[in-house]
Number of protein chains: 2
Amino acid sequence: MNRKEQIREIAQTMFRERGYAATSMRDLATAVGIEAASLYNHIKSKEDLLKEICFDCADEFFEGIHKAKTAPMAPDAQLSLAIKEHIQVVANNLDGSAVFLHEWRFLTEPYLSEFKAKRKYYRLQFQQIIEKGISEGIFKPVDAKVYSLSILSALNWIYDWYKPEGELSPQALAAQFSYLILEGLNK
Amino acid sequence: MNRKEQIREIAQTMFRERGYAATSMRDLATAVGIEAASLYNHIKSKEDLLKEICFDCADEFFEGIHKAKTAPMAPDAQLSLAIKEHIQVVANNLDGSAVFLHEWRFLTEPYLSEFKAKRKYYRLQFQQIIEKGISEGIFKPVDAKVYSLSILSALNWIYDWYKPEGELSPQALAAQFSYLILEGLNK
DNA sequence: CCTACCGATCGGTAGG
DNA sequence: CCTACCGATCGGTAGG
């Protein structure tokens, strides 16, 4: 891992723990083990660091949803796969996901608009899977927008309580999520 | 509305929009229409403002869950009521809820620990309703902890996309949520 | 990668 | 509720 990657890893963790605005470049430099001024030999600016974290994480989510969306499966299996892929991205990168989900708002234009557009596109993929399931008659005729928002909302909070060292694997968690969403709680 | 209440309302909105750390007392004072120094005639400190917002919002959530938990109903109806109450708190106070959900981490001790304890207690109430439903045989034998976390996660993101001026009322949203969680997506 | 430093801004207080 | 101000800290640059 070169110094730039190291800076980014540590920044991810600090941005997650304290928030982007409350993390100073001096704090970051100290954690890395260099002087604040030296950071700028590796990065352009504080915001550039945030931008890279947010957009790289977005790419990971996109890869997952593309896999689910193009898989030759029925919509229920596609939805399960999309959930599994999403949870895997989060579980593999808890800090990056948390920054992606909460710190993006400190981006400035033009990145802010670009980021929002990506985020919306991602949600629409979930909505489309649900709509396909409804039109094929395997899902109940629900409000696909509200459902996609609700599902992603539940998924988006995982970084907040998921413990990688716990006994619940990402796969087991994904299976429970799919079951919850597809089958419901009632017997 | 006296000046103190006004400061608090505006602070709530600004803390939500920019985050606690990125909101300066000068920004807040300008929005209120006074000088920064004058804020301190009404509040003790920036953190005290945050503390009041977070704890008052916690009280609102507690009131709702207490109502649901003590209602003479079957667990499925209790869960629906708890969801409805939660959504109503969020919908009635979108800014305060967002601060409650995301900015509490800027609290310092002893408030931080107190806040975390309250948050955990709240989630446990949901878990207990689910456990009661399982033991009474009306819910599937799921992992009540994962399910309560998932349900609250979905509920906790509502402030992020709910538009009070839209056509979806809090009641209608609550009905959809309950249906999603109890009945699932599969036909 | 460092020392030295820039102008700007921070939360908050003194005193009226 | 204001003016005036405190020491601390911010992101970032110059120059080596």
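Just so it is clear, the values below take in all heavy atoms, side chains as well, and ignore hydrogens, waters and symmetry mates. Chain A is the first sequence line, chain B the second, and so forth, proteins listed ahead of strands; every chain is numbered from 1. The shown structure was predicted, so the numbers you read here are calculated from the model rather than taken from an experiment.
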| For A:Gln12 and A:Arg16, does a side-chain donor sit closer than 3.5 Å to a side-chain acceptor? |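 Side-chain D/A pair, A:Gln12 to A:Arg16: absent.
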| message | Does either side chain, that of B:Ser135 or that of B:Glu131, offer a donor lying less than 3.5 Å from an acceptor on the other one? | response |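 Per modelled atom types, B:Ser135 and B:Glu131 side chains form no pair under 3.5 Å.
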Provide, to the nearest angstrom, the distance between the [atom1] atom belonging to [X] and the [atom2] atom belonging to [N].
{"X": "A:Lys44", "N": "D:dT13", "atom1": "NZ", "atom2": "P", "answer": "12 Å"}
{"X": "B:Asn41", "N": "C:dG15", "atom1": "CG", "atom2": "C1'", "answer": "12 Å"}
{"X": "A:Leu39", "N": "C:dC1", "atom1": "CG", "atom2": "C1'", "answer": "11 Å"}
{"X": "B:Leu28", "N": "C:dG12", "atom1": "CG", "atom2": "P", "answer": "11 Å"}
{"X": "B:Ile43", "N": "D:dC1", "atom1": "CD1", "atom2": "C1'", "answer": "14 Å"}
{"X": "A:His42", "N": "C:dC2", "atom1": "NE2", "atom2": "C1'", "answer": "12 Å"}
{"X": "B:Ile7", "N": "D:dC1", "atom1": "CD1", "atom2": "P", "answer": "8 Å"}
{"X": "A:Lys46", "N": "C:dT9", "atom1": "NZ", "atom2": "C1'", "answer": "13 Å"}

Taking the six-membered ring for Trp, is the centroid-to-centroid distance between [X] and [Y] below 6.0 Å?
{"X": "B:Tyr159", "Y": "B:His102", "value": "yes"}
{"X": "A:Phe177", "Y": "A:His86", "value": "no"}
{"X": "B:Phe115", "Y": "B:Phe100", "value": "yes"}

| query | On DNA chain D, nearest-nucleotide positions of A:Ala37 versus B:Ala36: which is more 5'? | reply |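 It is B:Ala36, whose closest nucleotide lies nearer the 5' terminus.
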| said: If you assign each of B:Gly33 and A:Glu47 to its closest nucleotide in DNA chain D, which residue comes earlier from the 5' end? | reply: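 Residue closer to the 5' terminus by nearest nucleotide: B:Gly33.
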| Set of residues satisfying side-chain hydrogen bond (donor to acceptor under 3.5 Å, both in side chains) with respect to A:Asp59, sequence neighbours excluded |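 Once residues adjacent in sequence are excluded, A:Asp59 has no partner under the side-chain hydrogen bond (donor to acceptor under 3.5 Å, both in side chains) criterion.
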| said: Looking at A:Asp160 and B:Arg119, is any side-chain nitrogen of the basic one under 4.0 Å from a carboxylate oxygen of the acidic one? | reply: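 Yes, B:Arg119 and A:Asp160 are salt-bridged.
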| request: Determine: side-chain N/O of B:Ser38 to OP1/OP2 of D:dC2, distance under 4.0 Å, yes or no. | output: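 The answer is yes; a side-chain N or O of B:Ser38 sits under 4.0 Å from OP1 or OP2.
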| Between A:Arg26 and D:dG12, does any side-chain N or O lie under 4.0 Å from OP1 or OP2? |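 Checking D:dG12 against A:Arg26, no side-chain N or O comes under 4.0 Å of OP1 or OP2.
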| message | For B:Thr23 and A:Glu35, find the nucleotide of DNA chain C closest to each by heavy atoms; which residue's nucleotide sits nearer the 5' end? | response |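 By nearest-heavy-atom nucleotide position, the 5'-most residue is A:Glu35.
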| said: Five pairs per end, C1' atoms only: what is the angle between the end axes of the helix from C:dC1-D:dG16 to C:dG16-D:dC1, to 10 degrees? | reply: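 The angle, to the nearest 10 degrees, is 0°.
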